[in-house]
Amino acid sequence: MEPSALFSAAGLGCSLGGRLLWRDLGLTLQAGDRIGLVAPSGQGKTLLLRSLALLEPLQAGALSLRGCPPAAWGLPAWRARVCYLSQRPVAHAGTVEDNLRRVWAFSSQRRRGVWQPQRIRHWLTRLGRNGGFLGYRAERLSGGELQMLALLRALQLDPEVLLLDEPSASLDMATSLALEALLCDWLAAGQRACVLASHDPGQISRFTSGRLELNR
């Protein structure tokens with residue numbers, strides 16, 4: 001572990017169904033890092049991202065955020081600060097705005113900020129949408145619209161580490177490029193870093209500043 005790093009993982013190992021996915025895996029993130037997670041299909045990219053957020057139990061190794069292990073933060077705070085975005089996000093019944101506001105009701109978020117609709121509207125403009133998107137029914141959103149909702153839901157909480165699992169897989173190229181530009185600006189605005197898994201080599205080349213390749 002590097003105590004000066006924003007985020008560190010060391011000695012990670014994982015097997016699934018008797019098959020080794022990775023071993024002795026390490027990752028260090030400094031503020032501003034944009035790391036591309038690269039691996040063949042079935043090598044456990046999603047499982048690794050979920051493990052870093054402690055949505056899956058670690059089989060081996062240790063994690064640290066700002067020099068402190070997960071136990072020092074507590075699980076809800078860790079998951080708020082090391083935030084995983086699924087390739088297939090889910091939404092609750094209600095409007096997009098209802099879903100964005102909902103996270104502020106959790107006790108783990110009340111001291112991290114407040115609902116800022118102007119900030120959300122600015123991001124929507126960056127993504128080619130207007131404020132009317134906030135009134136859309138979440139249960140009627142397309143796959144790409146759900147991905148935008150999930151991104152906004154995460155960004156408003158300002159996590160230190162953002163774990164992106166194919167975040168634009170359902171978006172067209174123009175919106176994907178807008179999303180990448182928005183993420184770059186958001187990362188530059190604070191002490192933040194991200195890890196991005198994508199099947200698109202072009203996106204990895206454009207967006208990331210380094211790579212982590214899974215191997216056995």
Side-chain angles (χ1 to χ4, degrees), residues 1-31 33-92 99 102-103 105-112 146-147 149-151 153-167 169 191-199 208 210-216:
M1 295 288 185
E2 296 185 23
S4 62
L6 177 64
F7 177 89
S8 295
L12 302 186
C14 180
S15 297
L16 185 64
R19 182 170 68 96
L20 179 66
L21 295 179
W22 65 81
R23 64 182 174 190
D24 198 25
L25 184 68
L27 172 65
T28 299
L29 297 176
Q30 303 291 350
D33 281 349
R34 305 190 304 270
I35 301 302
L37 180 57
V38 179
S41 295
Q43 196 61 40
K45 295 188 295 294
T46 293
L47 185 56
L48 174 60
L49 293 178
R50 288 179 56 84
S51 297
L52 297 178
L54 293 180
L55 294 168
E56 301 286 348
L58 287 182
Q59 295 182 16
L63 305 174
S64 175
L65 176 68
R66 297 191 182 277
C68 297
W73 293 99
L75 195 55
W78 180 272
R79 289 174 177 168
R81 294 172 182 273
V82 182
C83 183
Y84 169 74
L85 265 68
S86 171
Q87 179 181 353
R88 298 179 180 84
V90 297
H92 298 279
N99 276 264
R102 185 184 179 94
V103 298
F106 298 124
S107 58
S108 60
Q109 307 301 343
R110 289 173 187 160
R111 287 182 287 182
R112 291 180 59 81
L146 279 171
Q147 289 193 308
L149 167 57
L151 179 68
R153 190 165 51 192
L155 292 188
Q156 67 176 343
L157 300 177
D158 290 322
E160 279 95 330
V161 179
L162 197 55
L163 306 170
L164 303 166
D165 195 353
E166 303 282 351
Q191 296 291 299
R192 303 161 184 161
C194 77
V195 180
L196 178 141
S198 175
H199 284 104
T208 64
R211 296 191 182 193
L212 173 64
E213 296 192 19
L214 295 186
N215 55 61
R216 300 178 188 178

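Residue indices begin at 1 and follow the sequence shown. The figures here come from the full heavy-atom set of this structure, side chains too, leaving out hydrogens, waters and symmetry mates. Everything numeric here is computed off the predicted structure, so don't read it as measured data.
In this structure, Glu166 and Leu196 have side chains that are not in contact, with every pair of non-hydrogen atoms separated by 4.5 Å or more. Residues His199 and Lys45 meet the side-chain proximity criterion, which asks for heavy atoms closer than 4.5 Å. Within the 4.5 Å cutoff, no side-chain heavy atoms of Cys14 are placed close to those of Leu12. When side chains are defined from C-beta on, Thr208 does not count as touching Ile35, because their heavy atoms never get closer than 4.5 Å. A heavy-atom distance below 4.5 Å is found between the side chains of Leu63 and Trp78. Using a 4.5 Å heavy-atom threshold, the side chains of Leu52 and Leu27 count as touching. Proximity of Leu25 to Leu214: side-chain heavy atoms (C-beta onward) are separated by under 4.5 Å at one or more points. Side-chain contact between Ser15 and Leu20 is present, with heavy atoms from C-beta onward closer than 4.5 Å.
For Gln191, the CD atom is loosely surrounded, since the number of other residues' heavy atoms within 6.0 Å does not exceed 12.
Here the closest heavy-atom approach between residue Trp22 and residue Gly44 is recorded as CZ3-O, 3.3 Å.
Salt bridge Glu160/Arg192: absent, no basic N to carboxylate O contact under 4.0 Å.
Checked by atom type and distance alone, the side chain of Arg66 never pairs as donor or acceptor with a backbone atom of Phe7 at under 3.5 Å. The backbone N or O of Ala193 lies less than 3.5 Å from no partner atom in the side chain of Gln30, so there is not a single donor-acceptor pair. Here the side chain of Gln43 pairs a donor or acceptor atom with the backbone of Leu21 at under 3.5 angstrom.
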**OP:** Using the side chain to side chain contact (heavy atoms under 4.5 Å, CB included) rule, take Leu162 and Val82 through it: C-alpha gap first, then chi angles, then the decisive distance, then the call.
**Re:** CA-CA 6 Å; Leu162 197 55; Val82 182; over 6 Å; no

**OP:** Using the side chain to side chain contact (heavy atoms under 4.5 Å, CB included) rule, take Arg34 and Val195 through it: C-alpha gap first, then chi angles, then the decisive distance, then the call.
**Re:** CA-CA 6 Å; Arg34 305 190 304 270; Val195 180; over 6 Å; no

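A side-chain N or O of Asp165 and one of Thr46 form a donor-acceptor pair less than 3.5 Å apart.
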